[in-house]
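Accompanying notes for the structure given below.
So that the names make sense, note that chain A is the first sequence line, chain B the second, and so on, each numbered from 1. All values reported here derive from a predicted model rather than from experimental measurement.
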Number of protein chains: 2
Amino acid sequence: MSVSLKTIAQELGVSVSTVSRVVNGKDRVDGNTRKRVEAALKAHDYQPNQMARTLRGKSSRTFGVLVSDISNLLFSRLIKGVEQAAMDRGYDVIVVNTDGDPGRVKRGVSLLLAKQVSGIIMASGGFDQQVEKKVREQGIPLVFIDTTPVRAGNFSSVSIDNVLAAEELTKLLIENGHSKIAVLAGPQNESTSIGRLRGFQKALEANGIQIPGHWIVKGEFGVEAGMAAAQTLLSERMRPTAVIAVSNSLAYGAMHALRRHGYQVPADISLASFDVIDDSYLIQPVFTTVNQPVLQYGTEAVRLCLRQRSQTAKAPYEQMVLPHRLIKGETVGPVAEESGCR
Amino acid sequence: MSVSLKTIAQELGVSVSTVSRVVNGKDRVDGNTRKRVEAALKAHDYQPNQMARTLRGKSSRTFGVLVSDISNLLFSRLIKGVEQAAMDRGYDVIVVNTDGDPGRVKRGVSLLLAKQVSGIIMASGGFDQQVEKKVREQGIPLVFIDTTPVRAGNFSSVSIDNVLAAEELTKLLIENGHSKIAVLAGPQNESTSIGRLRGFQKALEANGIQIPGHWIVKGEFGVEAGMAAAQTLLSERMRPTAVIAVSNSLAYGAMHALRRHGYQVPADISLASFDVIDDSYLIQPVFTTVNQPVLQYGTEAVRLCLRQRSQTAKAPYEQMVLPHRLIKGETVGPVAEESGCR
DNA sequence: CTGAAAGCGCTTACAG
DNA sequence: CTGAAAGCGCTTACAG
């Protein structure tokens, strides 16, 4: 298919080594020879065979990113952040979508290891012991962004301060007079949802607020779960006046359930959320939400991967915490008089 | 890092060839030997080195997909379709985001060629002569999905019948009494926007409708372009009563401009669109739009790549056309009395 | 400065 | 059925 060093070497009557040397530009080569080789290289549009190179032990200069859901704006933005950071340093990136399924995570990681990536950036659930072992064995840097599975061993990570963010969000509700607050807390095996729930609880405690245990609804992250949870909460005798959803899809689901039951947000009930991003700017009301600095995540994740790689001694795992942003939006308001509606 | 055939061969006192044979399972190996090797393979969790394999000329069993904008739901869904189809056949997929920029397309294609992918699936603009040449030289199958650049030579493609879809959408407007229809036609170097504009024009002709030339607004695909175009149209003395946007972002942009100017959709003006997908189901009103069968695109694209690869003679390029879906939505209504607003 | 040689991990005719 | 050998395309000590 493509021309090899050999072709060019033969054509010029020099050795493969010499051609290789000018390609790599490190070793010294006679000025004149270099000129001739360079010309031939260009004439053939020579591209080194990456397979061969990597086989010889060179870096593939590629990062792999795993995301749980490529069609969730949170993750697609995140990917863009990683891409940009990687590109700035001359690296490529391979994206793998996992649906948060451990089987697909495992397969995705195998793919990336097989492609000998320089680092793995993980923004997906479903990372289990088995996968961890594989990554460790290969000695490939891995950094978690956004969320880290609780059971994972020592790895670098980039995230926001989820506890603090949730505290702020909860305080916002409390300041608006709410004390009957429920939380759609998501799965309790991920740093994000765990931290967010903890922050929620801290804020309640700090304000001496007690809520019924079942107002803390643990479960999945998705839209369905959000709908179901909201539905259940609404069917109780005593209803919350505000709900916090720890993911964007939980928030969407909750919003639907609320609307279907005839509740106005925030007139009848307030809804605070995490990670809602609206590219169309057409969703109304605008969600009150905490946003993560996803573009910056990319930069830091790449940096951490690279550093880990260069370090010879014990891997310098680092938990990097970046500032979040609280978007006030329009879905949080003062407590309704006495929710009269249906 | 990882165990190699050699390690296992030495451990068992057999030759590398034998181990390789049982790994590949094609050649015949003595039953007993096979058992022992298999056990060792499993014990070490042996993974063949893909670099070495591919270097020896085997398929990488990987597809590459290029999309113009990974955070546009149209494309992220499309990626999911490809992933699923690929996985079903035991292939992996590498995703590359291009922003429709020729430089990034070129770089992305180089990456994929370097990784020796089994096929390239292209759902992005920015595919130029130079890139085409490279792909051709490598003899790697490439199929366009969604859109094809007009200047591209002979390649397979998967798409909807854009002309027909646009005709239907336009007819829907005409049936609603509209004859003053403008179109945000997008860039005129892509099969989608070209076909959609043509369909629009055919429908007008068929109904003896004439519109001012500047109501056909050519340009970019993005939100900004949509806003700008709508803005201009609204500032004229004679205003259209309906607008067709040939992309989702053009439609979003147009919707914003309309709202900002105080127009109600569809009460004051109708808006028909392409490729609007709303994951949150929270955008209101629900857009009237034509949708592509993106999941099916994946299946077909993979099939076409594979077929092209297996074919020995002239590449059997194939233009595959799949049925679209017209979603009636709520953004198209009867012509307003005489748009009294502002 | 330059070439011959070894070797990365694998596959696959070629001989036994 | 099995092993020794060649070779995919490259890089890199090792000698000159």
Side-chain angles (χ1 to χ4, degrees), chain A residues 1-38 40-41 44-62 110 113-118 137-140, chain B residues 1-38 40-41 44-62 110 113-118 137-140:
Chain A
M1 308 270 132
S2 212
V3 284
S4 65
L5 289 184
K6 199 170 158 192
T7 321
I8 298 196
Q10 286 173 339
E11 190 176 307
L12 264 50
V14 297
S15 75
V16 174
S17 329
T18 302
V19 183
S20 172
R21 286 195 185 96
V22 358
V23 169
N24 291 292
K26 299 238 106 182
D27 265 320
R28 30 185 65 273
V29 176
D30 173 80
N32 192 38
T33 318
R34 176 182 298 277
K35 288 275 176 301
R36 288 176 53 223
V37 175
E38 273 167 353
L41 251 22
H44 286 285
D45 188 25
Y46 172 75
Q47 296 284 111
N49 181 319
Q50 203 187 112
M51 302 295 157
R53 266 195 163 163
T54 311
L55 188 57
R56 271 305 324 259
K58 299 213 107 180
S59 160
S60 64
R61 294 194 79 78
T62 307
S110 296
L113 295 180
K115 301 253 186 263
Q116 320 248 74
V117 293
S118 313
E137 276 169 0
Q138 301 276 316
I140 295 217
Chain B
M1 308 271 133
S2 212
V3 285
S4 64
L5 288 184
K6 198 170 157 192
T7 321
I8 299 197
Q10 285 174 339
E11 190 175 308
L12 265 49
V14 296
S15 76
V16 174
S17 329
T18 302
V19 183
S20 172
R21 286 195 186 93
V22 0
V23 168
N24 291 292
K26 300 239 106 184
D27 264 318
R28 29 185 63 274
V29 177
D30 173 81
N32 192 39
T33 319
R34 177 183 298 280
K35 288 275 176 300
R36 289 176 53 223
V37 175
E38 272 166 354
L41 250 23
H44 286 285
D45 186 25
Y46 172 75
Q47 295 285 112
N49 181 319
Q50 203 188 111
M51 301 296 156
R53 268 196 160 160
T54 309
L55 188 57
R56 271 306 323 258
K58 301 212 107 180
S59 159
S60 63
R61 295 193 80 78
T62 307
S110 297
L113 295 180
K115 301 254 186 262
Q116 319 248 77
V117 293
S118 313
E137 276 168 0
Q138 301 276 316
I140 295 218

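- Here A:Arg53 pairs with A:Asn24 under the side-chain hydrogen bond (donor to acceptor under 3.5 Å, both in side chains) rule; sequence neighbours left out.
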**OP:** Starting at the 5' end of nucleotides 3-8 of chain D, put B wherever the base has a protein heavy atom under 4.0 Å, S where only the sugar-phosphate does, and a dash everywhere else.
**Re:** BBB-BB
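- One interatomic measurement links the two molecules: CG of B:Asn49 to P of D:dC10, which rounds to 16 Å at whole-angstrom precision.
- Remark: B:Ala114 engages A:Gln50 in a side chain to side chain contact (heavy atoms under 4.5 Å, CB included) (not counting sequence neighbours).
- Among the atoms of the strands shown, only primed sugar atoms or phosphate atoms (P, OP1, OP2) are found under 4.0 Å from some heavy atom of B:Ser4.
- In this structure, B:Gln47 has no side-chain hydrogen bond (donor to acceptor under 3.5 Å, both in side chains) partners at least two apart in sequence or on a different chain.
- Atom CG in B:Asp27 sits about 13 Å away from atom P in C:dC14, given to the nearest Å.
- Residues that satisfy the side-chain hydrogen bond (donor to acceptor under 3.5 Å, both in side chains) test with A:Ser4, not counting sequence neighbours, are A:Thr7.
- When rounded to the nearest whole Å, the span between CD of B:Gln116 and P of D:dC10 equals 10 Å.
- Side chain to side chain, A:Ser20 and A:Ser17 fail the donor-acceptor criterion of an N or O pair below 3.5 Å.
- Under the side chain to side chain contact (heavy atoms under 4.5 Å, CB included) criterion, A:Ala40 pairs with A:Ile8, A:Leu12, sequence neighbours left out.
- The backbone N or O of B:Gln116 lies less than 3.5 Å from a partner atom in the side chain of B:Ser60, making a donor-acceptor pair.
- Regarding B:Lys26, its NZ atom lies at a distance of 12 Å from the P atom of C:dA13, rounded to whole Å.
- Here B:Asp45 pairs with nothing under the side-chain hydrogen bond (donor to acceptor under 3.5 Å, both in side chains) rule; sequence neighbours left out.
- Taking a pair as Watson-Crick or G-U wobble with both distances under 3.5 Å, the runs of three or more consecutive pairs in DNA chain C are C:1-3 with D:14-16, C:5-12 with D:5-12, C:14-16 with D:1-3.
- For the salt bridge (Lys or Arg N to Asp or Glu O under 4.0 Å) test, residues two or more places apart in sequence or in another chain that qualify with B:Arg21 are B:Asp27.
- Scanning for side chain to side chain contact (heavy atoms under 4.5 Å, CB included) contacts around B:Gln10 gives B:Lys6, with sequence neighbours left out.
- As a whole-Å value, the separation of A:Ile8 CD1 from D:dC10 C1' is 13 Å.
- A:Asn24 comes within 4.0 angstrom of sugar-phosphate atoms only, judged by non-hydrogen atoms across all strands, and of no base.
- For A:Tyr46 and D:dC10, the shortest distance from a side-chain N or O to OP1 or OP2 is below 4.0 Å.
- For DNA chain D, none of the residues of residues 28-37 of chain A falls under the heavy-atom distance limit of 4.0 Å.
- When the P atom is compared between C:dC14 and C:dC10, the two are found 23 Å apart, to the nearest whole Å.
- With sequence neighbours excluded, the residues forming a side chain to side chain contact (heavy atoms under 4.5 Å, CB included) with B:Ser110 are B:Lys134, listed by chain and number.
- To the nearest angstrom, C1' of C:dG9 lies 7 Å from CG of B:Leu5.
- Residue B:Arg53 contributes atom CZ, which lies 8 Å from atom P of C:dC10 at whole-angstrom precision.
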